[in-house]
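See structure below.
We name chains A, B, ... by the order of the sequence lines, and we start the count at 1 in each one.
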Amino acid sequence: MKKVFIFLLSIFSLSIARTKLVALPEREISYIRFDAPNTAFVEEERTLTLQKGINQVDFSWKGVNIDQDSITLTFITNPDKLKLINLSYPPEGNSLVWEIYSPEGGEEKIRISYLLSNIDCIYTYKIVVDKNEENINFSSYLIIRNFSGEDFEKGIFTPEFGKTFETSTKNEETKQILIYQKDGIKFEKIFVFDASKMIWDPERVKENVGIPVYFEIKNLKESGLGEFPLLTGKTRMFQIDKSDSFIFLGEDNLKYTPIGDSFRLYFGDSRDIIVKQKKMKETRINVRKNNLGNIVLYDTDEVIRIEIENFRDRPAKIEILENIPDEWDMEESTHKYEKIDSNNIKFVIDLKPKSKEIVEFHYHRRNLRKKEIVNFSSPIKGEIIETLPFKGE
Amino acid sequence: MKKLFIFFILLIFNLFAKIDLVTLPSREKVQLTIYNSADLTLVRDERILTLKKGENSLQFSWANTLIDPTSLELIPKQDITSINISQLIFPPRVNELGIWKIDSKISKKIPFEISYFTSGISWEAFYIGTLSSDEKSMELKVYVKVINNSGEDYENASVRLVVGKINLLEMIKDLARRFPPYGTPGIITPAPMVYEEKAEMVRAAKILLAEAKGKEIIKEGVSEYFLYTIEGKENLPNKWIKRLLSFSQKDIPVEYFYKYEEERYGKSVRRFIKFANDQIHKLGKEPLPDGLIKIFKYINKEGNLSYIGSDRTKYIPIGEKVELDLGESKELKIDIKLMDTKTKNYMFNKDGNISGWEEEKIYKIKITNYKNLPVKVEIKRNFPHQYWKIEVDKNIQWEKYDLVSVKFTLNLSSLETREFTYKINLFEGDRRY
């Protein structure tokens with residue numbers, strides 16, 4: 001469907017009325033760049049047959065959303081000789097008129113560029129993990145969604161990242177193009193238990209409690225990627241099974257990942273790793289009172305115990321995320337941890353197949369003033385027990 | 001009745017005519033991989049297409065189905081290096097149709113696989129357990145039920161079932177309905193998340209049990225999931241449910257016991273069965289998927305049964321123990337009485353107000369076993385906070401379960417009544433420190 005029109009009118013003499021001479025020079029090639037969301041930057045090339053003198057070129061559009069102020073005209077063949085002497089918008093809207101002065105008659109190549117709405121491209125990805133869980137086949141697809149009202153017979157498309165390619169696109173057409181495929185990508189599988197979000201004691205709930213599993217992939221040459229930044233897009237993950245068929249593992253959004261960064265994709269939950277967390281101790285120590293006998297300051301003495309059991313016949317790397325509010329000091333811990341920020345720590349535990357590991361850490365929270373709400377078990381509803389207020393306070 | 005039609009039209013372009021050839025290849029093989037945590041089935045459909053050298057267009061349409069067009073994929077099974085499938089086009093204003101552009105360096109018959117996601121087929125596991133009359137062992141039968149409500153009859157399909165929870169960003173059913181397939185620029189069309197429909201769909205299906213006998217189910221772990229492959233081929237007519245025996249195991253040693261915890265079960269006694277998915281319990285070859293379990297019991301030598309109860313089991317990994325809650329029981333009575341309460345050891349602050357004290361409570365627990373079998377019972381008592389001290393009668397087995405609870409474990413012989421007391425001291429205010 002053609003909705004962008006161009007008319008060429010030449011005016012032989014300023015004193016004579018306008019005379020239409022040649023019309024509708026065909027679009028030869030279009031460069032379409034997706035630099036901004038929901039908008040494409042279009043540069044189209046056409047050949048005009050200009051007369052000596054002043055030529056009037058009408059550019060109009062119907063049913064497409066062109067940003068009028070973004071329209072520019074560039075002379076390709078004779079930029080030094082040709083002169084754009086006037087640009088005006090007629091009262092009807094959706095069109096503009098250029099007046100071009102040409103010192104002699106002949107064919108001239110021009111480039112018209114503008115911003116066009118309702119055409120964009122999105123990305124999707126496909127990951128296929130091999131049978132032995134060693135490598136990944138990574139595919140990236142570009143989906144051109146053209147609802148701009150305009151067809152592009154011959155378009156040179158430049159996505160925000162990735163290689164430029166040539167294709168056509170019709171109005172209201174959706175086109176999926178495989179733009180990148182690579183085998184042998186390295187990855188890591190990581191299980192994550194986040195104590196502030198997940199159920200502490202799975203035995204106390206009726207539903208299955210799984211541990212979220214992620215693929216972590218580095219956008220680096222060493223991992224097999226690292227050629228360009230990866231843009232946000234839905235990623236579907238598959239794995240080859242023992243019978244050389246494949247199963248769908250799950251899907252997640254790949255977040256924008258520049259070269260050098262890594263991304264994580266959550267594909268599903270493992271029910272073969274069970275994490276059970278309990279608070280084994282919580283008492284107030286170093287209690288300070290004012291002259292009235294009211295408690296003004298105290299510390300706590302707390303112990304958290306986490307039992308992690310791997311029922312799988314393969315090793316597993318699990319991250320345990322713990323939140324400790326307020327000021328605190330770690331007294332002792334059975335395992336090394338990383339301090340993520342002032343209130344969050346992370347344990348990374350490598351579990352052997354069919355093994356159980358107990359992580360226990362003992363800490364003091366310091367200089368507390370408020371009345372405490374003590375969370376004895378999990379953050380699920382109905383399990384928060386508040387310490388009883390007592391008469392002395 | 002067949003409601004779903006998939007047409008394959010192979011269009012070969014040449015210089016003179018636009019359409020050179022139209023073929024409708026029949027389905028060679030079909031494999032269904034059905035998920036139980038989401039309304040999703042991965043279909044792999046194998047067809048033989050005749051390619052001509054040059055550019056070929058393959059048109060695929062799926063009117064009146066629940067296929068997710070964004071999941072469509074075409075994979076050549078041979079001559080991979082000579083065939084390039086570069087584009088999939090969803091043409092303007094045509095719903096439920098896609099065209100693949102296939103560049104071929106050869107003219108040949110090529111087997112292709114078309115894979116896609118569909119909704120409407122589901123599966124679930126269920127169990128039947130039969131206890132011996134002494135309640136010491138159990139025979140367990142594990143079944144899988146495949147429910148086809150997709151609108152399509154699947155004949156001679158390889159059926160595979162996946163146990164596990166996958167992460168899905170959008171429901172397949174909603175993606176199947178979305179037009180255009182990837183939405184339009186700028187307009188975000190959030191897919192409505194409807195989860196209840198799966199259950200309704202199951203109910204709507206005709207319960208026609210086609211119990212296939214003697215079919216083996218091959219089990220394997222793939223990634224974090226477990227895959228059941230049903231041996232051979234299955235016919236899955238629309239609206240039918242197919243039941244298959246996954247496995248059965250006799251003489252699984254079980255522990256039959258009772259639990260009492262007021263905060264969790266109220267003032268009633270609950271009965272439980274405990275076993276583990278391991279070799280000691282003659283299991284442990286595969287994880288047990290979540291599903292409803294019905295427990296029966298032999299009541300005489302003639303093999304008559306009584307129904308004990310049912311529970312929904314969670315997924316049980318290999319090596320993990322299982323506790324089935326079979327509901328309230330009248331076979332045991334537990335009576336807990338507060339026999340004495342007093343406060344003592346008061347502390348006062350400078351103003352003469354109370355700043356701390358101790359509460360002492362004595363409880364008597366009476367357990368009566370009305371059964372003519374010995375029983376084991378676990379009684380859990382929860383306290384309001386972690387500042388406590390307990391004294392329990394001698395010869396009573398107990399343990400600190402966590403910060404705020406204790407567990408008593410008692411074994412009673414047939415028709416026995418047992419009583420014991422415990423004293424709990426709760427420290428309040430300044431008595432805590």
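Looking at A:D313, there are no atoms closer than 4.5 Å to chain B (heavy atoms on both sides), in backbone or side chain. Neither the backbone nor the side chain of A:T169 comes within contact range of chain B; no heavy atoms are under 4.5 Å apart. B:Q31 touches chain A through its side chain: at least one heavy atom from C-beta onward sits under 4.5 Å away, while N, CA, C and O do not. At a 4.5 Å heavy-atom cutoff, the contact between B:P91 and chain A is made by backbone atoms alone. Residue B:E113 touches chain A through its side chain alone, counting heavy-atom pairs closer than 4.5 Å. Only the side chain of B:L42 has a heavy atom closer than 4.5 Å to any heavy atom of chain A. Only the backbone of A:E207 comes within contact range of chain B, with at least one heavy atom under 4.5 Å from a heavy atom of that chain. Contact annotation for B:T70: both backbone and side-chain heavy atoms come within less than 4.5 Å of a heavy atom of chain A. Only the side chain of A:I122 has a heavy atom closer than 4.5 Å to any heavy atom of chain B. Looking at A:E133, only its side chain comes within 4.5 Å of chain B, counting heavy atoms on both sides. Residue B:I218 does not touch chain A at all, counting heavy-atom pairs closer than 4.5 Å. Of the atoms belonging to A:I177, heavy atoms from both backbone and side chain fall under 4.5 Å from chain B. Contact annotation for B:S71: both backbone and side-chain heavy atoms come within less than 4.5 Å of a heavy atom of chain A.
The shortest side-chain heavy-atom distance between A:R312 and B:E224 falls under the 4.5 Å cut-off. Here the side chains of A:I274 and B:P317 are in contact, with some heavy-atom distance below 4.5 Å. B:I166 places none of its side-chain heavy atoms less than 4.5 Å from the side chain of A:L249. Under the 4.5 Å side-chain criterion, counting only non-hydrogen atoms from C-beta, A:R284 is in contact with B:Y387. Side-chain contact between A:T174 and B:I89: absent, with no pair of heavy atoms (C-beta onward) separated by less than 4.5 Å. Looking at B:R264 and A:R204, their side chains come closer than 4.5 Å, going by heavy atoms from C-beta outward.
By the 4.0 Å N-to-carboxylate-O rule, B:D311 lies close enough to A:K206 to be salt-bridged with it. Salt-bridge check for B:D68 with A:R236: passed, with a basic side-chain N closer than 4.0 Å to an acidic carboxylate O. Under the 4.0 Å criterion applied to side-chain N and carboxylate O atoms, A:E173 and B:R93 are not assigned as salt-bridge partners. Between A:K234 and B:E170, at least one side-chain nitrogen of the basic residue sits less than 4.0 Å from a carboxylate oxygen of the acidic one, meeting the salt-bridge criterion.
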Between B:D402 and A:K279, is the side-chain contact (heavy atoms from CB on, under 4.5 Å) condition met? List the steps. CA-CA 7 Å; B:D402 61 16; A:K279 186 170 264 185; over 6 Å; no

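When B:F226, B:F348, B:Y401 are compared by the number of non-hydrogen pairs under 4.5 Å with chain A, B:Y401 comes out ahead. Note: B:D290 leads B:D290, B:L40, B:N382, B:N353 in heavy-atom pairs under 4.5 Å with chain A.
Note that OG1 of B:T33 and CZ of A:F246 are 8.0 Å apart. Values are rounded to the nearest 0.5 Å. Atom CG of residue A:N118 and atom OG1 of residue B:T184 lie 7.5 Å apart, to the nearest 0.5 angstrom. With rounding to the nearest 0.5 angstrom, the CZ atom of B:R44 is 12.0 Å from the CD1 atom of A:I247. Summarising the geometry, atom CG belonging to B:L88 is positioned 11.5 Å from atom CG belonging to A:L178; distances are rounded to the nearest 0.5 Å.
Nearest heavy-atom pair, A:I240 versus B:V222, reported as atom, atom and distance to 0.1 Å: O-CG1, 4.2 Å. The nearest pair of heavy atoms linking B:L403 to A:M280 is CD1-O, 3.1 Å. Summarising the geometry of B:G183 relative to A:R145, their closest heavy-atom pair is O-CD, 3.5 Å, with the distance given to 0.1 Å. Closest approach of A:S243 and B:R160 over heavy atoms only: OG-NH1, 3.7 Å.
With hydrogens and angles disregarded, a donor-acceptor distance shorter than 3.5 Å links the side chain of A:R314 to the backbone of B:S223. The backbone N or O of A:P202 lies less than 3.5 Å from a partner atom in the side chain of B:K314, making a donor-acceptor pair. Counting only distance, with no hydrogens or angles, the side chain of A:N208 and the backbone of B:Y315 share a donor-acceptor pair below 3.5 Å. Not one N or O on the side chain of A:Y266 forms a donor-acceptor pair closer than 3.5 Å with the backbone of B:N167.
Using cut-offs of 30° and 60° for the angle between ring planes, the A:F248 and B:Y35 rings count as perpendicular.
Looking only at atom types and distance, the side chain of B:R432 has no donor-acceptor partner in the side chain of A:T283 under 3.5 Å away. Side-chain atoms of A:Q176 and B:Y182 include a donor-acceptor pair closer than 3.5 Å.
The number of heavy-atom neighbours closer than 6.0 Å to NZ of B:K77, taken from other residues, nucleotides and ligands shown, is above 12.
Contacts of A:F147 classified as ring-ring contact (aromatic ring centres under 6.0 Å, His included), with partners at least two apart in sequence or in another chain: none.
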